[in-house]
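A quick note: this is a predicted structure, and the numbers were derived from the prediction, not measured.
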Amino acid sequence: MLKGIAASDGIGIGTVLIVKQQNLSYIPHSVTDTEKEITRFDNAVKEYCSETSAKVEELRKDTESIDADIISGHISMVQDPYMSEEVKKLIHEGKCAESAFENVCDMFISIFSSADEDIIRQRATDMRDVKYGVLRHLLGIKEMKLDNIPEGTVLVAKELTPSMTAGIKKGNIAAVVTETGSSTSHCAILARLFEIPSVTSVKGLLKLVENGDTVICDGTSGNVIIRPDNAQLENYTRKKEKLIQIKKELEPFRGVPTKCKSGRTFGLMCNIGNPEDAQRALDSDCEGIGLFRTEFMFMNRNTLPTEEQQFEEYKKTALIMQNKPLVIRTIDIGGDKDIPYMGLEKEENPYMGCRAVRYCLKHPSVFKAQIRAILRAGHYGNVSMLLPMITCIEELLECKKIIETAKKELKVEKVPYDTDMKMGVMIETASAAILADVLAEESDFFSIGSNDLTGYTMCCDRGNSSVDHLYSPFQPSVLRMLKYTISCAKKKGIPVEMCGEAAADPMMIPLMIAFGLDSFSVSPPSVLKVRKQIAEWDEENAKDIANVVSNLHSKTEIYEYLNTVI
């Protein structure tokens, strides 16, 4: 039995098809006729864009396809002026087109891969896909197609990219297993959307499996069994039938309010990164968007998006949401998110440096353009604005001044905007949590970023294997931060939501009910599960559990106790 990361719930049993990228090896060499080499590069990009555009048009005929939007974005990536300029600069230095293009792509892949937020790390896969596609055209190699795979296929690969999965008949896939990747990689997201069991990051997978092997993929536990015996097949077939029954039990929670047993109602929202995600969130039966991460609009570009470009994206999202709540977070860059053209200074510790609101306050024109765009989008829906990485009252008050200036400008210009837009503060540092009573006086709502709050409180990077054992929202210090933050919001009478992985954790839900949380913001696939879990709790029972947890002194004790009662 092999072990990986459980990426998409369910059990898949089927026959292996190993998906390997074609060999794109080449011998790097110097060039003297640089203009000829640049022409060769330009032609390869044109051929790639033409091929990709045709693929997008074909995919758009499939109403279930999500690959069209993703692959369409690849065209924008490869046509970005900054990328083209950097490639041509290296060619002028004597590098061949293959080396120049690969070097620039690898730079972006390194930036994206080192990001802390999972959704940014996904961009590394997109860039690898673009690199592969253009190199294929430079080397004159035809594209490999997977559009005729048989029913009951278990796709096995080192990594599955968007272009690999485009056009595959999803109903023919029994499971997806990859040697690399995470629970937020492209294939994992695709698998969850189409409810295909998936396990990622299975070390040594490709050395142990062969085409035609029977494989069991347990996307709930992360187990993968190659060439199972009869007893294992019977056991997992029973488990598969039980999971299908559990899924059926979630359907009654579609289209109903999110309530606990005692009748208290909660908001159940989704986290998104672009307008297309908003439609997927609605399809999952969420009640609004609790977090729209806007920094992705700033990535893969050579210049800042204009106010008008931002406005159109926010407006589009607001219209998709049909007056349901939409919380738009102002740009959160720095730390793990470096955008070359924005001129971020190199810092020894960027997580503790000029990131998010700190950057915005140093660049007020950038900040105000985004604020104006958000205010204008508010005219078309139920939009709120969220400020990330606030650590002191001075930062919040300075942000509010810029917001008021933007409102006055729009009024004078007679541009429609939301005059009463709610403004919230993201609680994601220990400083903000300790100052929650003060910040609540100047805020319309709180949004708790559980991932960063855990990391900053415990002073540990969850991506660092040396300290990741410390990273847990069930650390007593983190739970105290959560409880105090929510209590300050309650005293002031402002709503408080939680986004981040902890919001969907079954063991966290009774604690949040007891502490007084108003809304949970989760990924689209978690909506019905979280609604069902909330419905199973009575407020008094949740408070009894929270009281016990509050008197425990270690993460281990808390885990052990919660495992006995949940």
Side-chain angles (χ1 to χ4, degrees), residues 291-295 297-298 304-311 314-315 318 326-335 337 339 342-345 352-379 381-429 431-449 452 485 488-489 492-497:
L291 176 62
F292 181 177
R293 300 178 177 94
T294 60
E295 48 271 16
M297 196 182 308
F298 290 72
L304 285 165
T306 64
E307 175 188 326
E308 201 62 31
Q309 288 170 327
Q310 293 185 65
F311 163 65
Y314 306 149
K315 174 186 172 182
L326 168 61
V327 179
I328 301 178
R329 184 176 71 183
T330 58
I331 185 171
D332 181 5
I333 61 164
K337 298 185 275 289
I339 302 176
M342 294 189 78
L344 291 167
E345 296 177 8
M352 301 288 183
C354 189
R355 62 171 293 193
V357 157
R358 295 173 180 179
Y359 173 90
C360 289
L361 292 177
K362 283 190 70 175
H363 301 83
S365 61
V366 174
F367 193 28
K368 191 166 67 173
Q370 182 174 39
I371 288 170
R372 282 170 57 102
I374 296 172
L375 289 169
R376 291 172 61 192
H379 182 70
N382 183 7
V383 179
S384 301
M385 187 185 307
L386 180 61
L387 304 173
M389 277 293 292
I390 294 289
T391 57
C392 60
I393 191 65
E394 290 87 353
E395 288 173 336
L396 177 54
L397 294 177
E398 189 62 30
C399 288
K400 291 182 76 171
K401 284 181 184 177
I402 295 173
I403 292 170
E404 287 306 309
T405 300
K407 286 182 176 180
K408 288 176 183 176
E409 289 177 356
L410 292 170
K411 185 177 181 180
V412 170
E413 295 166 18
K414 297 183 179 180
V415 175
Y417 72 99
D418 183 355
T419 58
D420 299 312
M421 182 175 288
K422 302 294 184 185
M423 185 278 301
V425 167
M426 202 155 193
I427 306 296
E428 50 192 332
T429 65
S431 175
I434 293 167
L435 278 176
D437 58 334
V438 176
L439 297 177
E441 294 291 331
E442 297 290 340
S443 309
D444 295 314
F445 65 95
F446 281 164
S447 179
I448 300 173
D452 271 342
T485 296
C488 289
K492 177 59 181 172
I494 63 172
V496 55
E497 71 167 24

> Measure the SG-CD distance between C392 and E398 for me, rounded to the nearest 0.5 Å.
10.5 Å
> Nearest 0.5 Å please: distance from the OG atom of S384 over to the CD1 atom of I328.
9.0 Å
> Between the side chain of D444 and the main-chain N/O of G424, is any donor-acceptor distance below 3.5 Å?
no
> Sequence neighbours left out, cut at 3.5 Å: what donor-acceptor pairs do the side chains of residues 405-412 make with other protein atoms?
residue: T405; atom: OG1; partner: K401; partner atom: O; Å: 3.0
residue: K407; atom: NZ; partner: T419; partner atom: O; Å: 3.4
residue: E409; atom: OE1; partner: R372; partner atom: NH1; Å: 3.0
residue: E409; atom: OE2; partner: K368; partner atom: NZ; Å: 2.5

> Who passes side-chain contact (heavy atoms from CB on, under 4.5 Å) against C399, sequence neighbours left out?
V357, L361, F367, L387, I390
> Can you list the steps and then say if I374 with M421 is a side chain to side chain contact (heavy atoms under 4.5 Å, CB included)?
CA-CA 9 Å; I374 296 172; M421 182 175 288; 3.8 Å; yes
> So, for A373 and Q310, which heavy atoms are closest and what is the spacing to 0.1 Å?
CB-CB, 3.8 Å
> Side chain to side chain contact (heavy atoms under 4.5 Å, CB included) between E428 and M389: does it pass, once the steps are laid out?
CA-CA 6 Å; E428 50 192 332; M389 277 293 292; 3.8 Å; yes
> Side chains of L326 and Y314: does their closest heavy-atom pair fall under 4.5 Å?
no
> Please walk me through it: do V327 and L291 pass side chain to side chain contact (heavy atoms under 4.5 Å, CB included)?
CA-CA 5 Å; V327 179; L291 176 62; 5.8 Å; no
> Do you know the tightest heavy-atom contact between L375 and I403?
CD1-O, 4.3 Å
> What's the separation between atom CZ in F446 and atom CE in M426, rounded to the nearest 0.5 Å?
12.5 Å
> Working to the nearest 0.5 angstrom, can you tell me the gap between E295 CD and T330 OG1?
9.0 Å
> What's the spacing between I427 CD1 and C488 SG if we round to 0.5 Å?
9.0 Å
> Do you know the tightest heavy-atom contact between S443 and L396?
OG-CD2, 3.8 Å
> Would you list the atom pairs, donor with acceptor, under 3.5 Å between side chains in residues 433-442 and any protein atom, with sequence neighbours excluded?
residue: E442; atom: OE1; partner: K400; partner atom: NZ; Å: 2.8

> Got L386 and F445 here, is their nearest side-chain heavy-atom distance under 4.5 Å?
yes
> Give the intermediate values and the outcome of salt bridge (charged side-chain N to carboxylate O under 4.0 Å, His left out) for residues R376 and E308.
CA-CA 10 Å; R376 291 172 61 192; E308 201 62 31; 3.1 Å; yes
> Rounded to the nearest 0.5 Å, what's the gap from NZ on K422 to CD1 on I494? Could you check?
10.5 Å
> Determine, stepwise, if the pair F298 / I331 fulfils side chain to side chain contact (heavy atoms under 4.5 Å, CB included).
CA-CA 8 Å; F298 290 72; I331 185 171; 3.4 Å; yes
